[in-house]
Every structure is written in structure tokens, then in C-alpha cells.
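Proteins get letters first, then strands, A, B, ... in listed order; numbering begins at 1 in each.
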There are 2 protein chains.
Amino acid sequence: MDQDGERVEEADDRLLTDQLFEQLSEAIVLGTFAPGSKLSEPRLAAQYGVSRGPLREAIRRLEERKLVTRAPRQGVRVVVTSPNDALELFTIREVLEGLAARHAAEHATDGEIDALRTMLARHREALSQPDAMVYWQATANSDFHFMIARVGRNQHLFDVLCGEYYTLFRLYRMQHRIVPGRAQRALMEHERIVEAISDRDAELAEMLMRRHIASARTGLVAQTGGAD
Amino acid sequence: MDQDGERVEEADDRLLTDQLFEQLSEAIVLGTFAPGSKLSEPRLAAQYGVSRGPLREAIRRLEERKLVTRAPRQGVRVVVTSPNDALELFTIREVLEGLAARHAAEHATDGEIDALRTMLARHREALSQPDAMVYWQATANSDFHFMIARVGRNQHLFDVLCGEYYTLFRLYRMQHRIVPGRAQRALMEHERIVEAISDRDAELAEMLMRRHIASARTGLVAQTGGAD
DNA sequence: CTGCGCATTTCTGTCGACAATTTTGAGCAG
DNA sequence: CTGCTCAAAATTGTCGACAGAAATGCGCAG
């Protein structure tokens with residue numbers, strides 16, 4: 001152990017709890033803390049150079065976000081997800097993202113639609129580059145769903161999709177190896193969704209988005225990797 | 001102040017943080033802590049007879065559940081919700097409860113359908129009693145949505161609807177005076193939803209549930225009180 | 001060699017205390 | 001009487017410490 005000890009020293013005026021939450025979240029998603037491994041409070045406190053107070057508050061938030069599971073008086077462990085869990089979560093995501101797309105079609109301004117189109121053009125350009133997959137997985141795909149949620153004009157929905165559930169989605173992708181194996185096709189689906197939004201066709205936008213998410217869910221069940 | 005000081009003394013082996021979270025949630029929903037009022041940590045710690053450690057963890061959870069808002073270095077205040085916030089939340093609830101109803105129609109066992117019918121019969125019976133409204137608001141309505149979510153066989157969805165969002169829904173009903181003014185009609189809608197589930201008509205169950213929630217949302221906009 | 005019991009160690013849950021910042025409010029100028 | 005200044009009080013964010021419970025690991029019986 002003690003291999004790194006990435007302290008929290010950046011003279012940041014953000015609260016310690018928030019910094020810890022972000023670092024712990026990232027470590028969990030990236031697999032630095034393996035699924036099922038225990039998060040010992042004294043060890044983490046020493047590792048990050050903080051006391052257990054703020055650390056415990058950060059862990060509480062991890063628990064609330066379902067990134068760890070707590071056994072009373074036994075500490076917390078990185079959540080271990082089953083394929084069925086992933087199925088459940090993506091089913092929820094399907095209706096929520098569908099709702100966001102519907103709202104986007106109803107409320108997007110012309111400027112926002114232009115911005116969506118510009119973004120997709122950038123994505124198409126990037127897909128022909130060498131490291132296309134890593135860019136797609138890390139940035140492009142998230143950007144699209146992020147923007148749709150924002151354009152939907154439902155702050156609560158945005159918070160859920162892009163804040164509270166975002167890291168959990170990433171964790172499920174990691175634990176179940178849901179890599180975007182069909183980025184080309186996913187991009188095409190994104191373009192069709194934006195077209196529907198541009199046409200102010202709310203119903204179509206919702207349906208296309210739901211199918212888009214569902215395709216990832218289906219690929220997940222088949223264990224072959226989805227497009228999202 | 002200091003009028004009551006309901007200590008936490010029940011020799012409960014549950015964690016202090018959990019007890020505090022429940023008591024604070026209840027106090028917020030019931031209006032004991034007025035919307036917008038500040039939650040002072042030293043005052044609450046004295047009032048409940050605990051130290052600030054577990055209290056802060058409970059407050060973090062309140063924050064995560066959107067029951068309070070935090071201004072860094074200024075403490076937390078009971079959330080003040082706008083009618084638009086309520087609209088946003090009920091829009092989300094509409095698709096989630098619709099999803100739960102669809103899943104319920106797909107996965108309910110015959111025994112569960114019997115149990116649903118039995119419950120509705122009990123509710124109809126209770127609606128002819130003197131204190132019908134208070135029973136409806138406090139118990140019957142919640143029981144129905146609770147059971148639908150459970151029968152849906154999606155643990156994540158159940159947790160969201162009956163755990164993470166449940167108290168928030170109650171808070172919105174409180175702050176916006178969304179009283180069940182049409183319990184009779186709401187019960188009829190419940191019965192139709194159960195009939196659709198019994199017929200294994202998932203699409204109809206989802207549609208009826210969405211309309212059922214939407215009617216509450218509409219009544220909310222009209223400020224006349226919804227049926228749910 | 002394997003499995004059980006017990007002592008040691010570690011960890012969680014909780015508490016009290018300190019520093020820095022924010023809020024309060026008294027005093028004074030206009 | 002109103003508004004600004006500045007000191008005092010209160011509050012947040014953080015830390016270290018202690019008690020009880022859980023996990024660990026050793027010794028010993030079988």
C-alpha cells in the first residue's frame with residue numbers, strides 16, 4: 001500500500017468533502033478501488049491526508065449515490081453490480097432520457113439546435129481520427145446526452161441524469177465492460193434524434209432516444225457491448 | 001425555542017445518523033422547520049442531544065435528497081420550492097411511476113394481484129368512514145404506489161420512488177398544498193390501473209398511471225389541488 | 001493437516017475542541 | 001432617523017481522541 005498517497009493539497013477553497021467525493025468517485029469508476037473491496041476510513045484518511053470527519057461525509061454521499069454499499073458497523077464496500085442491476089438501471093435511464101429528449105424537442109431554441117448540430121459535426125469529424133474510441137467514450141457521447149438534458153429545461157431531470165446518476169452509469173459501463181462498440185451507429189442515432197428535435201417532433205425524439213438507450217441495454221444483456 | 005427537545009434516547013441500536021435523518025425529514029415535511037428557515041448545527045445538536053458529527057452526516061443526506069439547500073460556509077436551509085419545481089418533479093415522477101406500472105403488469109404474480117385488489121377494497125371501505133381524507137392522504141394513497149413499485153420487480157426503481165424521492169414528494173405536496181381533493185376519483189383510477197395489471201395489459205397500465213400522476217400535476221398548475 | 005476458541009488488533013460510531021469565516025449589533029457620523 | 005464601521009458573538013469546517021464492536025491471527029485440540 002501507500003503506493004501513491006495522492007494528497008489533497010491544491011489550496012482549493014472548495015470543501016474537503018467535495019474534493020474527497022470527486023476523487024473517491026473517480027477512483028471507484030476507474031477501478032482503482034476494485035468492486036467489492038472495502039474502503040477503510042483510517043486508511044483513506046491517511047492516504048488523502050485528511051481527518052475522518054469530512055471523509056465520512058464524502059462516503060455518505062457515495063452511499064447515497066449507490067457507488068458503495070454499507071453494512072452497519074462493518075464499513076462500506078465498492079458496490080458489486082449484477083447484470084440484472086445494470087438492466088434495471090438502464091431501464092430507468094431509458095425513460096428519463098426519453099423524457100429529456102421530448103422536452104428538448106419542445107423547448108430547444110434555434111441557437112441550441114445549431115449548437116447540437118455543430119457538436120455532432122465535430123463528433124463525426126473526430127470519429128475518423130486515430131483515437132476515435134477513447135474520445136467517443138470519454139467525451140463525445142457524454143457531451144451529447146449532457147446537452148440534451150440541459151436543453152430539456154428541467155433542472156431536476158438534468159441534475160438526476162448529469163449529476164446524481166452520471167457516475168453510476170459510468171461505473172456500470174466499467175463493471176460490465178459496456179464499451180461503445182458501435183460508435184458509428186450511435187452517432188447516426190444521435191443525428192436522427194437531433195433531427196427530430198429540430199423538427200419539433202417531440203414524440204419521435206422521445207422514441208428515438210429510448211431506442212438509442214435500449215440498444216445499449218440489449219447489447220448489455222447479450223454481453224456483446226452496446227452502442228452507448 | 002427549546003419548547004420540546006425531543007431527544008434521541010430510545011436505546012435504538014440504529015445509527016444516530018439514520019435516526020436524525022428520519023426525524024429531521026419528518027420535521028421538514030410537517031413544516032416544523034419552515035421553508036427557507038436555517039438549520040443551525042449547534043442548535044439542532046443541543047435539541048436532539050447529539051454531537052455535530054452524526055448530525056452533519058444526516059444533513060448531508062438531507063442535502064442529497066434535495067430537502068435542504070447548502071450555501072458554503074453559510075449553512076443549510078429548508079428548501080423553498082417553486083410551482084415550477086413541483087411541475088418538474090411530478091413530470092419525472094410521471095414517467096417513473098408509469099414505468100413501474102408497466103413492469104407491474106408484466107411481472108405481477110396472481111397472488112400479488114389478489115393482494116392489490118384486497119388493498120383497494122379496504123381503501124374503498126375506508127373512504128366511507130368519517131376521517132376518510134386523513135387516512136387517504138397518510139396511508140392509502142402511499143400504500144398503492146408503494147405496492148405497485150414493489151410488484152414492478154425493479155429494485156432500483158423501487159428505491160428511487162419509495163425511498164429517495166418519497167419524502168421529497170411529500171414535501172412538495174405540503175409546500176404547495178396539494179391535498180387529495182378527489183380521493184373518490186383517485187381510488188377509481190387506482191382500480192382501473194389494477195384491472196389493467198390484472199389483464200397483463202402493460203401499455204394500458206402505464207398510460208393509466210401516467211394520466212393518474214398527470215392529473216395531480218395539472219391540478220397543481222391550476223392551484224386547485226390534485227387528486228394524488 | 002484441519003477446525004475451533006480466545007486474545008489482540010483494527011475499525012466504526014460518537015464526542016468535544018479549535019481556527020477561520022460569517023453574522024450580529026453597538027456606536028458613531030451624517 | 002438612517003447608514004456606515006468595527007468589534008464581539010456565533011457558526012461552519014476540520015481535527016484528534018475514546019468506547020464498543022468486529023475482524024484478525026495465534027495457539028491448541030482433534
Next on the checklist: Applying a 4.0 Å non-hydrogen cut-off, can you work out what B:I59 is touching in the nucleic acid: base, sugar-phosphate, or nothing?
Outcome noted: nothing
Next on the checklist: Any heavy-atom pair between the side chains of B:L20 and B:P54 that's under 4.5 Å?
Outcome noted: yes
Checklist outcome for this item: The single option from B:Y165, B:F146, B:Y166 that satisfies ring pair (Phe, Tyr, Trp, His ring centres under 6.0 Å) with B:F158 is B:F146
Checklist entry - Looking just at side-chain N and O atoms, do A:D159 and A:Q155 make a donor-acceptor pair shorter than 3.5 Å? => result yes
Checklist entry - Hey, is the side chain of B:R56 poking within less than 4.0 Å of OP1 or OP2 on C:dC15, counting only N and O atoms? => result no
Checklist entry - Could B:R56 and A:E57 be called an ion pair, given the rule that one side-chain N must be under 4.0 Å from one carboxylate O? => result yes
Item to check | Cation over ring face, A:R217 and A:F90, 6.0 Å, 45° | outcome: no
Scan nucleotides 17-20 of chain D against the protein and return all N/O pairs shorter than 3.5 Å with their distances rounded to 0.1 Å.
none

Checklist entry - Counting just side-chain N and O atoms, does A:S40 come under 4.0 Å of either OP1 or OP2 of C:dC11? => result yes
Protein-nucleotides 22-25 of chain D N/O pairs under 3.5 Å:
| from | atom 1 | to | atom 2 | distance (Å) |
| --- | --- | --- | --- | --- |
| D:dA23 | OP1 | A:Q74 | OE1 | 3.0 |

Checklist entry - Which part of the nucleic acid does A:L55 contact within heavy-atom distance under 4.0 Å: base, sugar-phosphate only, or nothing? => result nothing
Next on the checklist: Show the nearest heavy-atom pair for residues A:A140 and A:H123, with the distance to one decimal.
Outcome noted: O-CE1, 3.1 Å
Checklist entry - For B:A101 and B:M209, which heavy atoms make the closest approach, and how far apart are they? => result CB-CB, 3.6 Å
Checklist entry - Touch check for B:G75, heavy atoms < 4.0 angstrom, all strands: base, sugar-phosphate only, or nothing? => result sugar-phosphate
